[in-house]
Number of protein chains: 2
Amino acid sequence: MSADDHRKSRVTLLDVARHANVSRATVSLVVRKSPLVSEATRAKVERVLHELGYIYNMGAASLRAERSNTVGVIVPTLGNPFYGELLSGIDSVVGETGMAVILANSGEQFSRQSLLLQRMREHGVDGIIASLTAETQAECIEQISDWGLPVVQVLRQVTDRLDYAGVDYAGGMQQAVDYLASLGHREIAFAVHGPVHSAYRERIEGFRGAMLERGLDPDLIVRVPMAMPDIASAVPLLFERKTPTATICFNDVIALGLAAGLYDSGRVIGQDFSLVGFDDVSDAEATRPRLTSVSSRPTTVGQNAARLLLQRIAKPHRAPQQIVSKTYLKIRQSCGPVDAFTI
Amino acid sequence: MSADDHRKSRVTLLDVARHANVSRATVSLVVRKSPLVSEATRAKVERVLHELGYIYNMGAASLRAERSNTVGVIVPTLGNPFYGELLSGIDSVVGETGMAVILANSGEQFSRQSLLLQRMREHGVDGIIASLTAETQAECIEQISDWGLPVVQVLRQVTDRLDYAGVDYAGGMQQAVDYLASLGHREIAFAVHGPVHSAYRERIEGFRGAMLERGLDPDLIVRVPMAMPDIASAVPLLFERKTPTATICFNDVIALGLAAGLYDSGRVIGQDFSLVGFDDVSDAEATRPRLTSVSSRPTTVGQNAARLLLQRIAKPHRAPQQIVSKTYLKIRQSCGPVDAFTI
DNA sequence: CTGAAAGCGCTTACAG
DNA sequence: CTGAAAGCGCTTACAG
């Protein structure tokens with residue numbers, strides 16, 4: 001029996017019904033584990049189901065039931081390990097319910113994101129989790145929701161009229177500044193890069209707020225390149241206008257890059273210069289000296305987003321929810337007291 | 001107009017047909033961009049399509065056409081950045097055709113993988129790309145294919161009767177050994193971990209073959225733990241039986257971990273000890289000294305796998321194909337000549 | 001080039 | 001607790 005034969009001779013509910021001497025509706029109930037069917041009938045039907053090698057046709061069920069048991073996930077990049085962990089969190093809670101995840105990568109391009117949103121709608125996903133590009137307007141995404149398609153924003157918030165699962169970035173910056181200040185640092189730089197979305201602005205504002213609160217100069221914000229090798233060579237930018245003794249980084253990618261560049265320039269991190277990362281991806285533990293980093297626990301954020309979406313699908317009309325999870329500072333070895341500095 | 005109204009009053013082909021004074025079939029042809037329809041009719045229909053806000057219902061189309069325009073992708077973990085890059089490659093070529101990727105994570109568990117395979121079949125995916133767990137038997141996966149569901153194996157090969165996109169691991173090990181030998185190293189360890197699948201065996205055999213060819217001891221194979229912090233503390237294992245002057249690593253995760261551990265033990269990498277990684281993920285460039293690594297280009301492998309699947313879907317009966325891509329050695333700073341060693 | 005009819009495999013009321 | 005009928009929105013032959 002060739003593959004094609006199998007394809008064509010697909011076993012349907014009706015086939016099972018005939019073999020088991022019941023109606024198609026009864027088989028459907030058994031398949032969906034309804035309690036409305038007697039033990040005896042259920043046992044008989046289940047045996048036939050198995051004998052005939054019945055495979056549930058989710059597509060057909062979706063058409064009739066008007067739900068597809070799929071959720072769409074749009075991420076801005078797959079190259080950053082951070083999003084792998086986020087996906088892992090989403091997949092674990094969505095997968096538990098038996099639903100499937102449809103994944104797409106916008107590459108931080110708004111036009112591509114629009115295409116993907118459209119495509120997901122055509123695929124009939126029951127809801128969408130998206131980390132939206134910086135250009136995305138509130139109207140754009142609220143409209144999707146107005147179509148009756150549940151949307152939850154993850155990591156980047158475009159509107160407060162829709163669900164959002166994110167991270168308390170401002171609190172994280174506060175923790176970083178507090179820690180460095182407690183070590184005696186007063187000139188602290190903030191190294192950033194990438195598109196200007198809510199998560200970017202929150203970090204900037206968090207940094208400025210925390211610095212101002214302590215009467216420190218909040219303006220030492222330095223934009224560095226995106227690519228890893230270029231970040232390392234951007235170290236001189238830190239010292240262009242002032243002479244900071246410490247730098248907080250927008251993410252661990254920047255921290256690792258700067259750590260490399262500082263090393264190249266002969267500085268000993270944690271001794272001559274202090275560095276705090278953000279996100280606490282697994283590499284923070286692997287580098288030497290170990291990188292002190294503000295943990296944003298992407299897996300947890302992914303799980304939060306998935307739970308929000310599931311709840312939204314169940315109750316389309318409840319008020320928008322936001323889950324903003326706390327960060328915590330993972331202290332390792334990349335910071336030292338300012339007094340010890342030899343610069 | 002509330003979200004529910006939208007849902008219920010979905011615009012169908014029939015609605016469009018009535019407004020445009022044509023038949024439903026004609027609208028269907030326009031939507032699918034068939035050349036069988038006149039310019040005038042097409043223009044008229046397209047206008048109505050747009051006016052009414054028609055959304056293609058992929059689910060309904062799938063049911064009738066017996067293809068879903070989705071492909072399933074099963075990865076063993078999402079925590080390793082390597083798989084993010086692989087996914088990125090798959091997504092880019094699958095996305096180009098307008099198909100959607102259904103993603104699932106087996107967590108290296110065979111039982112979970114079976115569940116996912118079953119679920120993907122129920123979702124009616126047109127094909128599957130999978131990096132299979134070590135326990136997977138040839139029969140298991142050949143059976144999926146016998147059901148008429150195209151499968152391509154990626155990175156790990158269970159059977160040669162099905163398509164496979166992978167990496168020339170043995171060639172990569174050869175490159176690493178050749179390079180270290182050219183620097184004068186004769187005692188070379190191989191640090192490995194993880195489940196024993198084809199990619200694992202190929203690397204082991206590649207290492208042993210390359211060592212034997214040069215008359216070197218092929219048995220210095222050391223198993224290290226999975227978790228990053230534990231790898232660093234596994235450095236003493238390298239020196240338990242012999243005193244290697246260099247180590248090749250199964251992947252960059254191990255290389256980075258051992259680099260950290262060697263640093264902790266006071267050794268200077270590239271001077272006191274040489275280290276070669278495998279995969280060349282972005283961190284290889286960021287660490288100091290920069291890590292010399294055998295590049296396996298996961299994005300390319302992902303693209304290869306996706307192309308194989310697309311071809312297989314188009315021609316179910318052609319002979320199985322394998323695309324084994326070459327590695328190349330990215331030389332950086334983590335290796336030095338053995339003469340310079342002070343041990 | 002266009003239309004009328006049938007059917008993909010399921011679930012949903014509605015009867016009994 | 002079980003069955004007969006209708007229909008989800010599309011595509012596929014088949015006529016014209």
Side-chain angles (χ1 to χ4, degrees), chain A residues 4 6-46 48-49 52-70 121-126 148, chain B residues 6-46 48-49 52-70 98 121-126 148:
Chain A
D4 279 348
H6 272 284
R7 267 257 147 123
K8 280 172 192 144
S9 65
R10 153 161 226 146
V11 177
T12 72
L13 285 188
L14 192 55
D15 299 325
V16 176
R18 284 204 267 252
H19 277 256
N21 282 314
V22 297
S23 80
R24 181 160 49 166
T26 303
V27 182
S28 177
L29 291 172
V30 171
V31 167
R32 285 177 291 151
K33 311 212 182 301
S34 159
L36 297 172
V37 50
S38 74
E39 231 357 279
T41 312
R42 169 184 309 283
K44 181 174 62 178
V45 170
E46 269 173 352
V48 178
L49 241 17
L52 264 46
Y54 173 77
I55 299 291
Y56 186 67
N57 184 330
M58 190 81 82
S62 304
L63 183 56
R64 190 62 178 85
E66 315 217 289
R67 83 187 304 250
S68 66
N69 284 309
T70 58
R121 209 175 158 210
E122 295 182 343
H123 272 280
V125 295
D126 295 332
Chain B
H6 273 284
R7 267 257 146 123
K8 278 169 194 146
S9 65
R10 155 160 223 146
V11 177
T12 73
L13 285 187
L14 192 55
D15 300 324
V16 176
R18 282 204 269 252
H19 278 257
N21 282 315
V22 297
S23 79
R24 180 159 51 165
T26 303
V27 182
S28 176
L29 291 172
V30 171
V31 167
R32 285 177 292 150
K33 311 211 181 302
S34 158
L36 297 172
V37 51
S38 73
E39 228 3 275
T41 312
R42 168 183 311 283
K44 180 174 60 178
V45 171
E46 270 172 352
V48 178
L49 242 16
L52 265 45
Y54 174 76
I55 299 291
Y56 187 66
N57 184 329
M58 191 81 83
S62 303
L63 182 56
R64 190 61 179 85
E66 316 217 287
R67 83 187 307 247
S68 67
N69 284 309
T70 58
R121 211 176 156 208
E122 295 183 342
H123 272 280
V125 295
D126 295 333

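What you see below is based on every heavy atom in this structure, not just the backbone, and it leaves out hydrogens, waters and symmetry mates. The chains referred to below are lettered A, B, ... by the order of the sequence lines, with proteins before strands, and numbering in each begins at 1.
Per the geometry, OH belonging to Y56(B) stands 18 Å off P belonging to dC8(D), to the nearest Å. Distance, L13(A) CG to dG3(D) C1': 14 Å, rounded to whole Å. Atom pair L29(A):CG and dG9(C):P shows a separation of 20 Å (rounding to whole Å applied). Rounded to a whole Å, the CG atom of N57(A) is 12 Å from the P atom of dC8(C). Distance, E122(A) CD to dG9(D) C1': 14 Å, rounded to whole Å. R67(A) places its CZ atom 11 Å from the P atom of dT12(C), with the value rounded to the nearest Å. When rounded to the nearest whole Å, the span between CZ of R64(B) and C1' of dA6(C) equals 7 Å. Computed from coordinates, the L63(B) CG to dT12(D) P distance equals 12 Å when rounded to whole Å.
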Given Y54(B) and V48(B), is the side chain to side chain contact (heavy atoms under 4.5 Å, CB included) satisfied, shown in steps? CA-CA 8 Å; Y54(B) 174 76; V48(B) 178; over 6 Å; no

T70(A) vs H123(A), test: side chain to side chain contact (heavy atoms under 4.5 Å, CB included). Steps then yes/no. CA-CA 9 Å; T70(A) 58; H123(A) 272 280; 5.9 Å; no

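Residue T41(B) is in sugar-phosphate contact alone, with no base atom involved, counting any heavy-atom pair closer than 4.0 Å across all strands shown. At a threshold of 4.0 angstrom between heavy atoms, the contacts of A25(B) include nucleobase atoms, whether or not backbone atoms are also involved. Residue V22(A) is classed as a sugar-phosphate contact, given heavy-atom separations below 4.0 Å to backbone atoms only.
Put simply, CG on L52(A) and OG1 on T12(A) are 9.5 Å apart, with the number rounded to the nearest 0.5 Å. Atoms CG and CZ, on L36(B) and R42(B) in that order, are 9.5 Å from each other to the nearest 0.5 Å.
At least one side-chain nitrogen or oxygen of S28(B) sits closer than 4.0 Å to the OP1 or OP2 atom of dT11(D). Between dT12(C) and R32(A), a contact under 4.0 Å exists linking OP1 or OP2 to a side-chain N or O.
With S28(B) contributing its side chain and R24(B) its backbone, the two residues share no donor-acceptor pair below 3.5 Å. Between the side chain of S68(A) and the main chain of G124(A), a donor-acceptor pair closer than 3.5 Å is present.
Here L29(B) pairs with R32(B), S34(B) under the side chain to side chain contact (heavy atoms under 4.5 Å, CB included) rule; sequence neighbours left out.
With dG3(C), dC10(D), dT2(D) as the choices, the nucleotide that has an atom nearest any side-chain atom of S23(B) turns out to be dG3(C).
Of the residues near DNA chain C, A65(B) and S38(B), the one whose nearest nucleotide (by heavy atom distance) lies more toward the 5' end is S38(B).
Helical stems of DNA chain D (runs of at least 3 Watson-Crick or G-U pairs, donor-acceptor distances under 3.5 Å) are listed by first residue: C:1-3 with D:14-16, C:5-12 with D:5-12, C:14-16 with D:1-3.
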